[in-house]
Enquirer: 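Take a look at the following structure, please.
In what follows, chains are A, B, ... by sequence order, proteins preceding strands, each numbered from 1.
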There are 2 protein chains.
Amino acid sequence: MIPDMSRTPLHPTREQIELPMVLDCLSDPIRLAIVYQLAQQERVSSELRCGDFSGLGAKSNLAYHFAKLRECGLTQTRIVGTSRMTRLRREDLDARFPGLLDAVINSAARDADRLQLVPECDVAGVD
Amino acid sequence: MIPDMSRTPLHPTREQIELPMVLDCLSDPIRLAIVYQLAQQERVSSELRCGDFSGLGAKSNLAYHFAKLRECGLTQTRIVGTSRMTRLRREDLDARFPGLLDAVINSAARDADRLQLVPECDVAGVD
DNA sequence: TCCTATGTTCAAAGTTTATTGAACTATTGT
DNA sequence: ACAATAGTTCAATAAACTTTGAACATAGGA
């Protein structure tokens with residue numbers, strides 16, 4: 001049987017990633033929280049499931065924000081069974097906009113309270 | 001006669017500057033071009049008049065974008081005669097979000113063509 | 001096969017944003 | 001006082017964005 005390629009999420013190439021779209025994507029509190037959590041996760045494994053962010057809103061709204069993150073080039077999504085594993089496109093972003101992602105994440109970390117971000121220890125999850 | 005304080009533009013304090021608002025402000029191509037041009041200008045004098053940006057759009061639209069830049073804390077505006085002199089709030093931004101402004105400006109510079117930014121030599125202006 | 005879990009897609013509603021031109025305010029210079 | 005300059009404010013419009021719930025699709029397990 002022919003695999004359903006229409007279910008493979010579309011990602012921009014590295015060169016197609018645009019600065020204004022990335023900044024706009026990061027300016028939404030929910031998407032910033034997702035990116036922040038993905039950045040914390042980078043230390044442990046590199047990927048998280050969409051479902052790991054259910055604290056941030058309704059399912060369909062998260063799907064909307066994950067699509068935006070993917071379409072602007074901030075994240076890469078891979079289908080595993082019924083789940084989607086998402087990770088930051090750190091290499092592409094660092095190549096395209098050196099220092100930007102780290103500056104945003106560090107700035108977010110400093111304002112974690114104000115931005116209502118999850119504390120680091122909660123991110124890695126439970127076994 | 002009592003000075004008209006209502007004409008003094010309002011600026012957030014350093015602590016009131018919020019990351020999402022700053023990122024959103026920088027995500028607009030016109031505002032990014034303004035910030036980029038102000039950053040180039042930092043090497044020469046520190047300020048520019050609103051009118052120096054007339055290439056970027058209509059007067060009332062620029063007033064709208066300058067107000068946004070000021071209200072989110074990216075710029076400081078000072079009234080001189082009938083003009084408004086605007087400069088980047090670099091110290092406040094660097095204190096609040098270390099490395100962010102430089103990363104954005106450097107990233108914009110790399111994409112200057114794509115973002116239709118003015119070349120550096122045109123920025124300092126004519127006598 | 002049926003049921004469940006994960007996530008997408010769609011339509012609708014409400015909100016916010018960008019843009020324009022006209023009217024307005026304030027300042028400078030004659 | 002008058003005119004010109006610099007910029008703001010207002011009203012209106014069109015476009016884009018966020019959010020919600022319901023319906024849908026896919027994969028895995030009993």
Enquirer: Which atoms of nucleotides 3-6 of chain C (N or O only) lie under 3.5 Å from a protein N or O atom, and what are those distances?
Expert:
from	atom 1	to	atom 2	distance (Å)
dT6(C)	O4'	T82(A)	OG1	3.2

Enquirer: What is the distance, rounded to the nearest whole Å, between atom CE of M85(B) and atom C1' of dT27(C)?
Expert: 15 Å
Enquirer: Considering the options L93(A), L32(A), V35(A), which one meets the side-chain contact (heavy atoms from CB on, under 4.5 Å) requirement together with V104(A)?
Expert: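 Looking at L93(A), L32(A), V35(A), the match for V104(A) under the side-chain contact (heavy atoms from CB on, under 4.5 Å) is L32(A).
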Enquirer: Exactly one of R78(A), R87(A), R84(A) should register a side chain to side chain donor-acceptor pair (under 3.5 Å) with E47(A). Which one does?
Expert: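 Considering R78(A), R87(A), R84(A), a side chain to side chain donor-acceptor pair (under 3.5 Å) with E47(A) is found only for R78(A).
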Enquirer: Would you check if D24(B) and L23(A) make a side-chain contact, meaning some heavy-atom pair closer than 4.5 Å?
Expert: no
Enquirer: Who else is in the cluster with L10(B) when I, L, V, M, F, W and Y are joined by side-chain contacts under 4.5 Å?
Expert: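 Grouped by the 4.5 Å side-chain rule, L10(B) forms a cluster of one, so the answer is none.
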Enquirer: Show me the pairs that pass side chain to side chain donor-acceptor pair (under 3.5 Å) and involve residues 107-117 of chain A, at least two apart or across chains.
Expert: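 Of all non-adjacent pairs touching residues 107-117 of chain A, those that pass side chain to side chain donor-acceptor pair (under 3.5 Å) are D111(A)-R96(B).
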Enquirer: For D102(A), does its backbone N or O pair with a side-chain atom of N106(A) as donor and acceptor, under 3.5 Å?
Expert: yes
Enquirer: Restricting to salt bridge (charged side-chain N to carboxylate O under 4.0 Å, His left out), what partner residues turn up for D52(B), sequence neighbours left out?
Expert: R49(B)
Enquirer: Within this structure, what is the CD1-to-P distance between I79(B) and dG7(D), rounded to whole angstrom?
Expert: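 Rounding to the nearest Å, CD1 of I79(B) and P of dG7(D) are 11 Å apart.
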Enquirer: Collect all protein-nucleotide pairs involving nucleotides 16-20 of chain C in which both atoms are nitrogen or oxygen and the distance is under 3.5 Å.
Expert:
from	atom 1	to	atom 2	distance (Å)
dA18(C)	OP1	R31(B)	NH1	3.3
dA18(C)	OP1	R31(B)	NH2	2.9
dA18(C)	OP2	R31(B)	NH1	3.4
dA18(C)	OP2	Y64(B)	OH	2.2
dT19(C)	OP2	N61(B)	ND2	3.2
dT19(C)	OP2	H65(B)	NE2	2.7
dT19(C)	O5'	N61(B)	ND2	3.4

Enquirer: Figure out the CG/P separation between L10(B) and dT8(D), and round it to whole Å.
Expert: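 Distance, rounded to whole Å: 13 Å.
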Enquirer: Please set out all donor-acceptor pairs under 3.5 angstrom arising from side-chain atoms of residues 62-69 of chain B, sequence neighbours excluded.
Expert:
from	atom 1	to	atom 2	distance (Å)
H65(B)	ND1	R31(B)	NH1	3.1

Enquirer: Please give, in whole Å, the distance from dG7(C) C1' to L56(A) CG?
Expert: 16 Å
